[in-house]
Amino acid sequence: MKNACLWAVSAALMLVTASPAPAQVGTAPAAGRPMAAPRSSSVALLNVAYLFDNHPRLKQMRDEMKADVERADAAVKAEQENIKRLAEKLEQYRGTPEFKAIEEEVAKRSNDLKLQIALQRKEFMLREARMYHQTYQEIADEVKYYCEQNGIDVVLRFNADKVDLENPESVLIHVNKPVVYYATERDITGIVLTTIYRRYGIDPANPERAATRPTTPGRPAVPFNR
């Protein structure tokens, strides 16, 4: 049984942590008062896919789910073998009173197994969805708190993966990236990951429990440079 792929769903998501006050559409400024210029917005970027790959609790949940899927697969294969052996006995009992009973048992166990597989597949898909949702909410909460403390209005999702020119799909993803250019100090991914590590009691300098080691050192949790 294959895990459901949630990236197609999460790829459309964007973290919006706060919004400027809505403009008063159609309202003229008071007499004698100039219309106020809109305040500048502060924008930051977040590599959500990178955080998913390095989130310690998500890695643990992935490993637990993988083990459960493997156990379920083993149980299904064992039952399939039992049904197969039972079906092979049918020829031995052909023409006897026991034949119909064995035939019915084979049919029943085969149908029961199909239902079990369908239910397990649904259960694992829902479990995976809840797993990613829980992780995403935790990341969003960390981002929200950090942005509120540092006056950041909007956080956009981006991907910093390098393009593979030998892979057409990689090239297509690259040319369709919504963020064409960004100043590196706008990327708060390292800050958020450092905060998550510390909440799980992990040394950010040596995240042994992380899914993958960061390719670049995590940025310290310093105020955002606007």
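Because the structure is predicted, anything quoted here is derived from the model rather than measured. In this chain, numbering begins with 1 at the start of the sequence shown.
The backbone N or O of Ser42 lies less than 3.5 Å from a partner atom in the side chain of Asp153, making a donor-acceptor pair. Put simply, the side chain of Arg186 gets close to the backbone of Val43: a donor and an acceptor are under 3.5 Å apart.
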Solution key, residues 84-92 side-chain donor-acceptor pairs under 3.5 Å, sequence neighbours excluded:
from, atom 1, to, atom 2, distance (Å)
Arg85, NH2, Asn82, OD1, 2.5
Glu91, OE1, Arg94, NE, 3.3
Glu91, OE2, Arg94, NH2, 2.9

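Contact check for Glu142 versus Arg199: side-chain heavy atoms found under the 4.5 Å cut-off. Residues Leu45 and Ile188 have side chains not in contact (no heavy-atom distance under 4.5 Å, counting atoms from C-beta outward). Side-chain atoms of Val76 and Gln120, non-hydrogen and from C-beta on, do get closer than 4.5 Å to each other. The side-chain heavy atoms of Ile139 and Thr135, taken from C-beta on, include a pair separated by under 4.5 Å. Between Pro56 and Ile196, some side-chain heavy-atom pair lies under the 4.5 Å cut-off. The shortest distance between side-chain heavy atoms of Asp187 and Phe158 falls below 4.5 Å. The side-chain heavy atoms of Asp68 and Phe124, taken from C-beta on, include a pair separated by under 4.5 Å.
Side-chain atoms of Arg127 and Tyr132 form no donor-acceptor pair, as typed in the model, at a separation below 3.5 Å. Side-chain atoms of Gln60 and Glu64 include a donor-acceptor pair closer than 3.5 Å.
Distance check, rounded to the nearest 0.5 Å: OG1 of Thr189 to OH of Tyr50 gives 8.5 Å. Taking CG of Asp141 as the start and CD of Glu138 as the end, the distance is 8.0 Å to the nearest 0.5 Å. Atom NZ of residue Lys100 and atom CD of residue Glu103 lie 6.5 Å apart, to the nearest 0.5 angstrom. Note: Leu113 CG to Ile83 CD1 = 5.0 Å, rounded to the nearest 0.5 Å. In this structure, CG in Asp73 is found 11.5 Å from CZ in Arg71, a value given to the nearest 0.5 Å. Going from atom CE of Met65 over to atom CE of Met131 covers 5.5 Å, rounded to the nearest 0.5 Å.
For the side chain to side chain contact (heavy atoms under 4.5 Å, CB included) test with Tyr146, the passing option among Thr195, Ile152, Val192 is Ile152; the others fail.
Using a cutoff of 4.0 Å between basic side-chain nitrogens and carboxylate oxygens, Glu128 and Arg62 are not scored as salt-bridged. Residues Lys144 and Glu148 are paired through a salt bridge, judged by an N-O separation under 4.0 Å between the basic side chain and the carboxylate. Between Lys77 and Glu81 there is no salt bridge, since none of the side-chain N atoms of the basic residue sits less than 4.0 Å from a carboxylate O of the acidic one.
Legend: residues meeting side-chain hydrogen bond (donor to acceptor under 3.5 Å, both in side chains) with Glu98, ordered by chain and number and at least two apart, are Thr96. With sequence neighbours excluded, no residue satisfies side-chain hydrogen bond (donor to acceptor under 3.5 Å, both in side chains) with Gln80. In this view, Tyr145 satisfies the ring-ring contact (aromatic ring centres under 6.0 Å, His included) rule with no residue, not counting sequence neighbours.
For the side-chain hydrogen bond (donor to acceptor under 3.5 Å, both in side chains) condition, no pair includes a residue of residues 163-178, sequence neighbours left out.
Counting all heavy atoms, side chain and backbone alike, Thr194 lies closest to Pro204 at CG2-CG, 3.8 Å.
Residues Tyr182 and Val154 share a hydrophobic cluster, clusters being chains of Ile/Leu/Val/Met/Phe/Trp/Tyr side chains in contact below 4.5 Å.
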Kindly determine whether Arg130 and Leu126 satisfy side-chain contact (heavy atoms from CB on, under 4.5 Å), including the steps that lead there.
-> CA-CA 6 Å; Arg130 290 191 293 267; Leu126 291 174; 3.6 Å; yes

Discussion item. For a side-chain contact (heavy atoms from CB on, under 4.5 Å) check, start with the C-alpha distance between Met61 and Arg57, then their side-chain angles and the critical distance, and finish with the verdict.
Written reply: CA-CA 6 Å; Met61 290 190 291; Arg57 175 56 182 155; 3.5 Å; yes

| request: May I have the step-by-step check of side-chain contact (heavy atoms from CB on, under 4.5 Å) for Leu51 and Leu46, ending in yes or no? | output: CA-CA 9 Å; Leu51 292 177; Leu46 191 74; 3.8 Å; yes

**Message:** Would Asn54 and Tyr197 count as a side-chain contact (heavy atoms from CB on, under 4.5 Å) here? Give the steps.
**Reply:** CA-CA 9 Å; Asn54 290 276; Tyr197 279 161; 3.7 Å; yes

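Under a 4.5 Å side-chain heavy-atom criterion applied to ILVMFWY residues, the cluster that includes Leu119 comprises Leu115 as well.
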